[in-house]
Amino acid sequence: MTQPPPGYGYPQQPPPYGHPPYPYPPAPVRRWWQHPALIITALVIFPPGGIALAWLSRWNRTQKIIATVLASLWFITPFLGDPPKEPKDNAKPKPAATAPAATTATTSPSASASPSGPPNYVGQNLKKAKAAAYDAGFNAISHDASDGDAGQWDDGNWKVCFQILADKKAGSMPTLDFGVVRNEWPCPAKDGEPIPYPKMPKVVGQTFEKASTALKPLALQAIEADNAYTDVTLPATVDDWTVCFQDPEAGKEIEYPKTTTAYLKVTAPGTSCPKTEFTELHPDPTPPSMSNDDPDGSSSSSGGSSGSGGGGSVGTVTPGAFCSTPGSTGVSKKGIVYTCKGPGQERWRR
């Protein structure tokens with residue numbers, strides 16, 4: 001028979017004084033984002049995030065309030081200082097260089113610092129000028145320098161003719177206002193005046209080679225040669241041929257040279273120019289009008305009737321007049337023998 005454990009059947013004795021009748025509950029586990037070192041680092045580097053972590057930590061309420069106040073002061077202190085003062089040179093807007101750019105598209109002066117104002121970008125492409133101005137500490141805006149009001153949708157197609165320091169800033173930096181025109185156009189004499197478009201020079205009377213040289217500065221789309229006489233075929237090279245007509249005509253303004261073609265009608269050396277365009281150099285003879293008072297007409301008529309019976313000589317004829325019997329011959333007043341033949345309608349031909 002087994003023995004009962006000690007105390008069996010007797011009232012259980014209470015635990016010693018000062019000891020709880022049951023063990024303490026386990027302490028809550030601290031998360032990694034509740035670590036004091038992490039919270040203090042966040043309060044210094046990024047105060048808003050540190051404040052959020054502090055209130056999620058196991059700190060008491062007093063510690064959380066102190067951490068929030070100190071971190072907030074640390075965060076807003078840099079914004080309470082005085083704003084930087086502008087240099088005296090930029091305190092008041094001063095106009096910069098306003099000289100018009102050179103008309104030659106290949107020349108564009110480089111930007112150089114001016115002791116009394118911003119760098120000079122006159123003559124440069126608008127897109128490049130804006131980028132250079134920004135690197136120099138200036139915002140840039142632009143407007144049409146002519147008497148028009150065109151917008152600059154593609155800055156690469158425009159060039160700077162004038163620049164001033166704008167009265168109002170476009171942001172925190174000082175602003176340059178560029179007066180611009182298209183790359184192929186010359187600058188006006190003053191900002192807002194009409195553009196002095198190049199005019200077509202007179203090249204009539206020059207050889208095609210010299211005329212092409214005179215038109216080259218206009219940077220036209222093309223220069224093409226054409227016949228001054230409609231029945232003449234041009235050779236492969238016409239440099240020594242003479243210009244008789246030109247289109248566009250002399251003195252016409254060329255606003256869009258990139259889409260303009262100059263047509264020069266030329267004639268061979270030693271051949272005079274026609275009085276009008278669309279003229280033949282060797283036209284078909286025109287038959288003269290016949291009348292009863294014209295003795296040659298009566299002779300030609302009689303000759304034609306005489307020749308109606310067959311070939312042979314019909315007497316005096318008018319060169320170029322119509323005839324009815326192919327193969328018939330006749331003599332003009334000058335004693336030249338003509339034959340009734342084609343091509344086409346039969347005429348008295350040599």
Side-chain angles (χ1 to χ4, degrees), residues 95-111 120-133 140-164 166 176-226 228 238-239 241-266 273 276-277:
T98 57
T103 56
T104 305
T106 56
T107 60
S108 58
S110 60
N120 182 11
Y121 301 102
V122 172
Q124 293 192 13
N125 179 268
L126 176 59
K127 185 175 182 179
K128 296 181 179 179
K130 282 187 174 181
I141 58 177
S142 61
H143 66 274
D144 192 345
S146 71
D147 55 349
D149 190 22
Q152 293 79 59
W153 302 111
D154 186 355
D155 292 344
N157 294 333
W158 298 76
K159 66 180 179 182
V160 179
C161 291
F162 310 96
Q163 74 175 55
I164 60 173
L176 292 176
D177 188 2
F178 293 137
V180 298
V181 299
R182 292 191 176 274
N183 292 330
E184 63 270 22
W185 291 346
C187 292
K190 293 182 180 180
D191 197 349
E193 292 189 354
I195 296 177
Y197 296 108
K199 295 182 178 181
M200 184 75 174
K202 181 180 180 181
V203 294
V204 172
Q206 301 179 11
T207 62
F208 181 77
E209 182 178 13
K210 291 183 178 180
S212 300
T213 302
L215 297 178
K216 188 175 181 179
L218 296 179
L220 301 174
Q221 181 183 28
I223 302 173
E224 297 185 4
D226 199 358
V238 293
D239 289 344
W241 286 43
T242 303
V243 178
C244 297
F245 306 100
Q246 67 177 74
D247 181 31
E249 61 185 6
K252 184 177 181 180
E253 292 183 342
I254 307 299
E255 296 186 20
Y256 300 96
K258 291 184 178 181
T259 58
T260 300
T261 299
Y263 297 95
L264 306 181
K265 294 191 175 183
V266 296
C273 290
T276 59
E277 297 184 64

When every non-hydrogen atom of Ala145 is compared with those of Gly179, the smallest separation belongs to CB-C, 3.6 Å
**Asked** Counting only N and O atoms by type, is there a donor-acceptor contact under 3.5 Å from the side chain of Asp144 to the main-chain atoms of Ala150?
**Response** yes
Could you walk me through whether Lys258 and Gln221 pass the side chain to side chain contact (heavy atoms under 4.5 Å, CB included) test, one step at a time? CA-CA 5 Å; Lys258 291 184 178 181; Gln221 181 183 28; 5.9 Å; no
One should read off an interatomic distance between Lys190 NZ and Asp147 CG, to the nearest 0.5 angstrom, of 14.5 Å
- Side-chain donor/acceptor of Asn125 to backbone N/O of Gly156, under 3.5 Å: yes
ask   = So Phe208 and Ile223, side chain to side chain contact (heavy atoms under 4.5 Å, CB included) or not? Walk me through it.
value = CA-CA 10 Å; Phe208 181 77; Ile223 302 173; 4.3 Å; yes
Item to complete: I would like to know whether Val160 and Phe178 meet side chain to side chain contact (heavy atoms under 4.5 Å, CB included); could you show each step before the answer?
Response: CA-CA 6 Å; Val160 179; Phe178 293 137; 3.8 Å; yes
dist Lys130:NZ -> Trp158:CH2 (nearest 0.5 Å) comes out at 11.0 Å
In this structure, CG of Asp247 is separated from OG1 of Thr260 (nearest 0.5 Å) by 10.0 Å
One should read off an interatomic distance between Lys159 NZ and Lys128 NZ, to the nearest 0.5 angstrom, of 14.0 Å
Output for pair (Lys199 NZ, Leu218 CG), nearest 0.5 Å, gives 13.0 Å
### Polar side-chain atom of Trp185 near backbone of Tyr197 as donor-acceptor pair, under 3.5 Å
no
In terms of heavy-atom contacts, Gln246 and Glu249 come closest through NE2-C, 3.6 Å
Rounding to 0.5 Å, atoms CD1 (Ile164) and NE2 (His143) come to a distance of 6.5 Å
Val181 and Pro188 have their tightest heavy-atom pair at CG1-CD, 3.9 Å
Closest heavy-atom pair, Tyr121 versus Ala132, reported as atoms and distance to 0.1 Å, is OH-O, 3.4 Å
Taking Cys161's backbone N and O only, do any of them form a donor-acceptor pair with Asp191's side chain (distance below 3.5 Å, no angle check)? no
Quick one: do Met200 and Leu215 satisfy side chain to side chain contact (heavy atoms under 4.5 Å, CB included)? Show the steps, please.
CA-CA 8 Å; Met200 184 75 174; Leu215 297 178; 3.7 Å; yes
With a cut-off of 6.0 Å (strictly less than), are more than 12 heavy atoms of other residues, nucleotides or ligands near CG of Asp149? no
